[in-house]
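In what follows, a structure is listed as structure tokens, so that the remarks can point back to it.
Chain letters run A, B, ... following the sequence lines, proteins first, then strands; residues in each count from 1. These numbers come from a predicted model, not from an experiment.
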Amino acid sequence: MPELPEVETVIRGLRPHLEGARLARVEQRRADLRFPLPERFAARLQGRRIERIDRRAKYILAHLDDGAVLLCHLGMSGRMTLTGPGQAPVAIGPHDHIILVTDRGAELRFNDARRFGLMDLVASEDLESHRLLAGLGPEPLGNAFSGPELARRLRGKRSPIKAALLDQRIVAGLGNIYVSESLFFAGISPRRSAHSVQGDRAERLVMAIRSVLTRAIEAGGSSLRDYVQASGELGYFQHEWAVYDREGAACPGCTCDPARDGGIRRIVQSNRATYYCGRRQR
DNA sequence: ATTGGTTCCTGCTGGC
DNA sequence: TGCCAGCAGGAACCAA
């Protein structure tokens, strides 16, 4: 599930329970996730204090008191579930791969059925040059992301804009859902050549991306308050999807009849589903 | 160098 | 109702 807004929601849920806490017990239940876990993974985490939790693109970064950073990616199906002190223990499931227990009695589990997720331990001075982080494009909600910057990165790209926005080197944090949603709000067809998104179009796309991600984070945050755990669930934003997974439905921006014009379209681009309105998006 | 297709894995779902 | 093919929100890897 996790794209940038879901990862942001997860770290906001983890912070109050983990920042400042010491890892009293670490259990590693398998040797590999997507990649092999580093040598002595559990032993290196054991006894460390988590100083700060941040995010870069879809990566969770937990800064430890020995200068190492626990790097974590949720992949497609990764979830963090948190059980507070005093809550009833939950049986360990087959996909609970990593279990962290803090000195405050909170228990965090990393559960990932498909095991496309990953964890690594990196010295903080090597973080920027880490092979998974080094090539990432700008944060879409950061100051470095702007119309001219996006236009520059799209220059010369022959692929459709849909594929370019999924490329984490262009902008880091979008996935299949938020690309469809952002292109819809920008009024840009997912089939348009990436290099033709310049000037005002690039400006509109940047605004759309920021707005979609911001609204999704707000919706994720509201579900967190209800469930009081960093569950990795989508929150409420799925009810706000304009086009994603809405094939045949009425376009929220058009007044036309979906029964007559077919409504929202679903196409496949580079083996992934894309949803869009053929009228509003050019 | 880009680009597009394939692949890793398990769990759901939708169509029969 | 039950079964199973096909699809799923990521991204590294490979071949062209």
Side-chain angles (χ1 to χ4, degrees), chain A residues 1-10 29-37 55-60 71-81 93-98 110-120 130-137 140 152-184 190-196 209 212-213 215-217 219-220 223 231-248 266-276:
Chain A
M1 352 206 116
E3 301 183 35
L4 186 151
E6 289 74 40
V7 176
E8 180 65 29
T9 300
V10 168
R29 301 180 57 77
R30 55 178 304 137
D32 62 312
L33 297 171
R34 174 166 194 164
F35 302 113
L37 286 159
R55 176 185 62 71
R56 169 72 172 113
K58 301 173 194 171
Y59 292 89
I60 297 168
L71 181 75
C72 177
H73 194 292
L74 302 173
M76 294 261 269
S77 57
R79 286 152 192 268
M80 296 288 188
T81 58
H95 306 303
D96 288 332
H97 304 310
I98 306 290
F110 176 67
N111 176 288
D112 185 8
R114 293 176 70 182
R115 253 183 294 128
F116 291 174
L118 64 91
M119 284 194 186
D120 199 3
H130 190 279
R131 66 183 183 102
L132 297 168
L133 302 184
L136 292 174
R152 188 182 69 73
R153 289 172 175 270
L154 294 175
R155 214 165 286 153
K157 286 251 164 263
R158 313 307 298 179
S159 56
I161 186 66
K162 160 73 190 300
L165 292 180
L166 281 178
D167 183 342
Q168 304 296 299
R169 295 168 298 184
I170 305 281
V171 56
L174 298 180
N176 209 37
I177 294 176
Y178 296 109
V179 167
S180 278
E181 294 293 306
S182 299
L183 287 169
F184 171 77
R191 318 166 80 136
R192 173 177 280 279
S193 287
H195 65 79
S196 75
I209 289 169
V212 164
L213 295 180
R215 284 185 289 122
I217 290 169
S223 89
S231 62
E233 299 293 332
L234 277 176
Y236 292 141
F237 196 71
Q238 70 269 36
H239 305 303
E240 296 177 31
W241 290 342
V243 291
Y244 184 81
D245 203 23
R246 298 192 67 230
E247 184 180 16
R266 177 188 193 272
I267 59 172
V268 173
Q269 294 177 292
S270 41
N271 285 328
R272 313 288 307 275
T274 302
Y275 298 85
Y276 72 109

Rounded to whole angstrom units, what separation is found between the CZ atom of A:Phe116 and the P atom of B:dT10? 9 Å
Phosphate OP1/OP2 of B:dT10 contacted by A:Arg115 side-chain N/O (<4.0 Å): yes
Could you tell me whether the phosphate oxygens of C:dA11, OP1 or OP2, come under 4.0 Å of any side-chain nitrogen or oxygen in A:Lys58? yes
Do A:Glu3 side-chain atoms and A:Ile177 backbone N/O form a donor-acceptor pair below 3.5 Å? yes
For C:dG9 and A:Tyr244 - does any side-chain N or O of the residue sit under 4.0 Å from the phosphate oxygens OP1/OP2? yes
Nucleotide forming a Watson-Crick or wobble pair with B:dC16, both distances under 3.5 Å: C:dG2
Considering only the C1' atoms, how many Å lie between C:dA11 and B:dC12, rounded to the nearest integer? 22 Å
Pairwise P distance, B:dC9 and C:dC14 [rounded to whole Å]: 15 Å
Polar pair under 3.5 Å, donor/acceptor by atom type, side chain A:Arg272, base C:dA8: no
To the nearest Å, give me how far apart CD1 (A:Ile170) and C1' (B:dA1) are. 13 Å
Base, sugar-phosphate, or nothing for A:Leu132, non-hydrogen atoms under 4.0 angstrom? sugar-phosphate
Side-chain N or O of A:Gln168 versus OP1/OP2 of C:dG10: is the shortest distance under 4.0 Å? no
With DNA chain B as reference, determine whether A:Arg169 or A:Asn271 sits nearer its 5' end, using the nearest nucleotide of each. A:Arg169
Whole-Å gap separating P (B:dT2) and CG (A:Leu166): 18 Å
OP1 or OP2 of B:dG11 under 4.0 Å from side-chain N/O of A:His95: yes
Quick one: do A:Leu166 and A:Leu174 satisfy side chain to side chain contact (heavy atoms under 4.5 Å, CB included)? Show the steps, please. CA-CA 6 Å; A:Leu166 281 178; A:Leu174 298 180; 5.7 Å; no
Has A:Arg246 got its NZ or CZ under 6.0 Å from the middle of the six-membered ring of A:Phe184, at an angle within 45 degrees of the ring axis? no
Work out how far the P atom of C:dC4 is from that of B:dC8, and round it to whole angstrom. 22 Å
When rounded to whole Å, the CG to C1' distance for the pair A:Asp167 and C:dC13 reads 14 Å
Residue pair A:Ile170, A:Lys157: steps toward the side chain to side chain contact (heavy atoms under 4.5 Å, CB included) verdict: CA-CA 10 Å; A:Ile170 305 281; A:Lys157 286 251 164 263; 3.5 Å; yes
Whole angstroms only, please: what is the CZ-P distance between A:Arg79 and B:dC12? 9 Å
The answer to which of A:Arg114 and A:Arg131 contacts DNA chain C further toward the 5' end, by nearest nucleotide, is A:Arg114
So what does A:Arg266 touch, heavy atoms closer than 4.0 Å: a base, only the sugar-phosphate, or nothing? sugar-phosphate
Does B:dT2 have its OP1 or OP2 closer than 4.0 Å to a side-chain nitrogen or oxygen of A:Lys157? no
Please lay out, stage by stage, how A:Asn111 and A:His97 fare under the test side chain to side chain contact (heavy atoms under 4.5 Å, CB included). CA-CA 6 Å; A:Asn111 176 288; A:His97 304 310; over 6 Å; no
Give a yes or no on whether a salt bridge exists between A:Asp112 and A:Arg114, defined as a side-chain N under 4.0 angstrom from a carboxylate O. no
Nearest whole Å is fine: how far is B:dC9 P from A:Phe110 CZ? 16 Å
Does C:dA11 have its OP1 or OP2 closer than 4.0 Å to a side-chain nitrogen or oxygen of A:His73? yes
Base, sugar-phosphate, or nothing for A:Arg158, non-hydrogen atoms under 4.0 angstrom? sugar-phosphate
A:Met76 CE to B:dT10 C1': how many Å, rounded? 11 Å
Watson-Crick or G-U wobble partner for C:dC7, using a 3.5 Å limit on both distances? B:dG11
Whole angstrom is fine here: how far is it from CD1 in A:Ile177 over to C1' in C:dG10? 12 Å
